[in-house]
2 protein chains.
Amino acid sequence: MSNASDGGSQLRALRLLWGPAPGGGRGPRRGLTQGRIVEAAAEIADRQGLDGLTMRTLASELGVGVATLYTYVPGRPELLALILDQSIGQGVQPDELSGDWRDRLRQVAYADLQGYLQRPWMLQLLAAQPPALGPNLLAWYESMLRVMADSGLPIDDQVAALEAVDGYVRGMALAMTEDAATGGAGPDTERDAFYADHIDWQAHPLFAAASESGAISDHRANFAFGLERLLAGIAADDDVAPTGDFRAGNK
Amino acid sequence: MSNASDGGSQLRALRLLWGPAPGGGRGPRRGLTQGRIVEAAAEIADRQGLDGLTMRTLASELGVGVATLYTYVPGRPELLALILDQSIGQGVQPDELSGDWRDRLRQVAYADLQGYLQRPWMLQLLAAQPPALGPNLLAWYESMLRVMADSGLPIDDQVAALEAVDGYVRGMALAMTEDAATGGAGPDTERDAFYADHIDWQAHPLFAAASESGAISDHRANFAFGLERLLAGIAADDDVAPTGDFRAGNK
DNA sequence: TACTGTATCGAACAATGTTCGGAGTTCTAG
DNA sequence: CTAGAACTCCGAACATTGTTCGATACAGTA
């Protein structure tokens, strides 16, 4: 009951993702396809952001009335689930890459990062709700497991490693979208001026130093740093540390 | 220009976060404080999710008219920035923990994870926009840097390690909110039934096996796995790997 | 005691997702 | 070939959202 905005839309999304196109029945021939709608929707989201993707702008882009959309898609939440799975499908297939499993993992990480940076709304959708397991997500996961199968790790660790790398990429992408948000055209001078004025730099000397040195804003270097450490940690087969730290939390 | 929904609200949020409370001027005494509003807003978000937090529900909860809120807060986006920074401030102060820097990093990771799981809307806000650098975020960052100062790592690596752990936690939390979304009361039988029916398990043997074994759904174990690997990788001072993989991307 | 500037808030406005009802279109049953 | 059924399309309407306006009440100041 934590996410109030899901009145069974997840299930409807799944039916859309997997269900067959409802083919030719009686009435007039359909002027659109689900594919065309999803494509146009993703394009609008790319240009205007998720908020700019309204049923009206989408209908107008496609040259149809708003109500028409509802004969193809049950509602906006389901539409969002569709463009998310479609975008996932546009990434690389991990097991088609070259190199050993560690190289491939790294390449997947960079490719996925780029995807998230180009489509920040994917992260918004992922944060709003766990993604429906559509065909593309499933295929990506299976492909990822094929890569991990080469690692010689136990099956549980294969999954854990996969999830860890994927999680890391998403989390870092979250922090890196910052750059895109400012417009890409140079730093936000107004904001920086505000910081300079209102922040007590004396009281935060370490932050001041780190900020000055540029270390904080060099997201790409930070991403590379953490990724290599994570991969190295996974590849090291020696036992790591006390894995138990689960006092707090649920059952 | 990627995020269309920000018409300078970031700056207004910063002013709110750092600016002094506008004190007693002339008119009637103010019946509310920014603090009380933010507290009530976060509570509503906890119960009803971010979508349930409307200006009307908030006003009603506080027993005031809707328009009154706008004398305390410029608008909803700024309100969201406030509850985010406030929530960040409710986590632990990293440098008040015990143990060496690696232990502390681990404790911070678990504490932050718990915070994100209890307040999934924090992740939604982080995904929608990079957080405004409010007092609490700044304090947390400074505290984190104090912890990292013990590591003996170069300053750049300190920042990178900090960002990596933080990013990892957020990314994994993204995947783990799944549990909360189903309501917590057992697995989603309807959804699982759909999966069983419509997915071609033969074509995805590895996923089928991983799913069957429960490895995929054991998020807490996966989190621990990756965290230990990441920490171990950071602690290992030997050089790691080719850090250059930056053909694609921007300048 | 008047004046000024503020706080409060009911009402209205624009934009959004969604539904309703009717008009047109195509297939199918007889 | 015709009549009905089932479907597509969509203008209009509805509920809900964030936000603004204008009036009214209040508290300091001169």
Side-chain angles (χ1 to χ4, degrees), chain A residues 4-9 12-13 16 20-34 36-37 41 44-45 48-83 121 124-125 128-129, chain B residues 4-9 12-13 16 20-34 36-37 41 44-45 48-83 121 124-125 128-129:
Chain A
S5 66
D6 185 1
S9 84
R12 277 193 298 270
L16 261 192
R26 237 164 242 212
R29 233 158 257 146
R30 312 210 76 177
L32 293 172
T33 63
Q34 180 178 292
R36 260 175 55 77
I37 292 178
I44 294 177
Q48 325 270 21
L50 220 48
D51 291 345
L53 172 57
T54 71
M55 299 305 270
R56 282 177 234 274
T57 59
L58 177 57
S60 149
E61 174 81 21
L62 290 167
V64 300
V66 200
T68 301
L69 294 178
Y70 286 86
T71 66
Y72 291 86
V73 167
R76 189 169 182 268
E78 293 81 2
L79 175 69
L80 297 181
L82 288 183
I83 64 175
W121 47 266
Q124 285 184 254
L125 295 179
Q129 215 177 29
Chain B
S5 66
D6 186 1
S9 84
R12 275 192 299 270
L16 260 192
R26 242 171 240 209
R29 235 157 256 144
R30 312 212 75 176
L32 293 172
T33 63
Q34 182 179 291
R36 259 175 56 77
I37 292 179
I44 293 177
Q48 325 271 17
L50 221 49
D51 291 345
L53 173 58
T54 71
M55 299 305 270
R56 281 174 234 272
T57 60
L58 177 57
S60 150
E61 175 81 18
L62 290 167
V64 300
V66 200
T68 301
L69 294 178
Y70 286 87
T71 67
Y72 291 86
V73 168
R76 190 169 182 268
E78 292 82 2
L79 176 68
L80 297 181
L82 287 183
I83 65 175
W121 47 266
Q124 285 182 256
L125 295 180
Q129 214 177 29

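Each chain gets a letter, A, B and so on, in the order its sequence line appears, and its residues count up from 1.
The CZ-C1' distance, from A/Arg30 to D/dC7, rounds to 9 Å in whole Å. For the pair A/Gln34 CD and D/dT8 P, the computed distance is 14 Å after rounding to whole Å. Rounded to whole angstrom, the span from the CG atom of A/Leu79 across to the P atom of C/dT16 amounts to 15 Å. Atom CZ of A/Arg12 is separated from atom P of C/dG17 by 16 Å (rounded to the nearest Å). Distance CD1 (A/Ile37) to C1' (D/dC9): 12 Å, rounded to an integer number of Å. The distance from atom CG of B/Asp51 to atom P of C/dG17 is 12 Å, rounded to the nearest whole Å. Across the protein-nucleic acid pair, A/Leu53 atom CG and C/dT16 atom C1' stand 12 Å apart, rounded to whole Å.
Atom CG of residue A/Leu62 and atom OG1 of residue A/Thr57 lie 9.5 Å apart, to the nearest 0.5 angstrom.
For A/Arg76, counting side-chain heavy atoms from C-beta on, the closest listed nucleotide (C/dA7, C/dG17, D/dT17) is C/dG17.
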Q: In sequence, state the C-alpha distance, the side-chain angles, and the governing distance for B/Arg76 and B/Leu80, and then conclude on side-chain contact (heavy atoms from CB on, under 4.5 Å).
A: CA-CA 6 Å; B/Arg76 190 169 182 268; B/Leu80 297 181; 3.8 Å; yes

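Side-chain atoms of A/Gln48 and A/Thr54, non-hydrogen and from C-beta on, never get closer than 4.5 Å to each other. Side-chain contact between B/Leu69 and B/Leu79: absent, with no pair of heavy atoms (C-beta onward) separated by less than 4.5 Å. Here the side chains of A/Ile83 and A/Trp121 are in contact, with some heavy-atom distance below 4.5 Å.
Closest heavy-atom contact between B/Leu50 and B/Leu125: CD2-CD2, 3.6 Å. Across all their heavy atoms, A/Gln129 and A/Ser9 have their closest contact at NE2-OG, 4.4 Å. Taking each heavy atom of A/Gly75 and A/Met55 in turn, the nearest pair found is C-CE, 4.5 Å.
Nearer to the 5' terminus of DNA chain C, by closest-nucleotide assignment, is the contact made by B/Gly31 (compared with the other of B/Gly31 and B/Arg56).
For the segment residues 57-72 of chain A, the set of residues with a heavy atom within less than 4.0 Å of an atom of DNA chain C comprises A/Val66, A/Ala67, A/Tyr70, in numerical order.
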Look for any protein N or O under 3.5 Å of an N or O in nucleotides 25-27 of chain D and output each such pair with its distance, or none.
from   : atom 1 : to      : atom 2 : distance (Å)
D/dA27 : O4'    : B/Gly27 : O      : 3.1

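Shown here are the side chain to side chain contact (heavy atoms under 4.5 Å, CB included) partners of A/Gln34, two or more places apart in sequence or in another chain: A/Leu16, A/Val38, A/Leu82.
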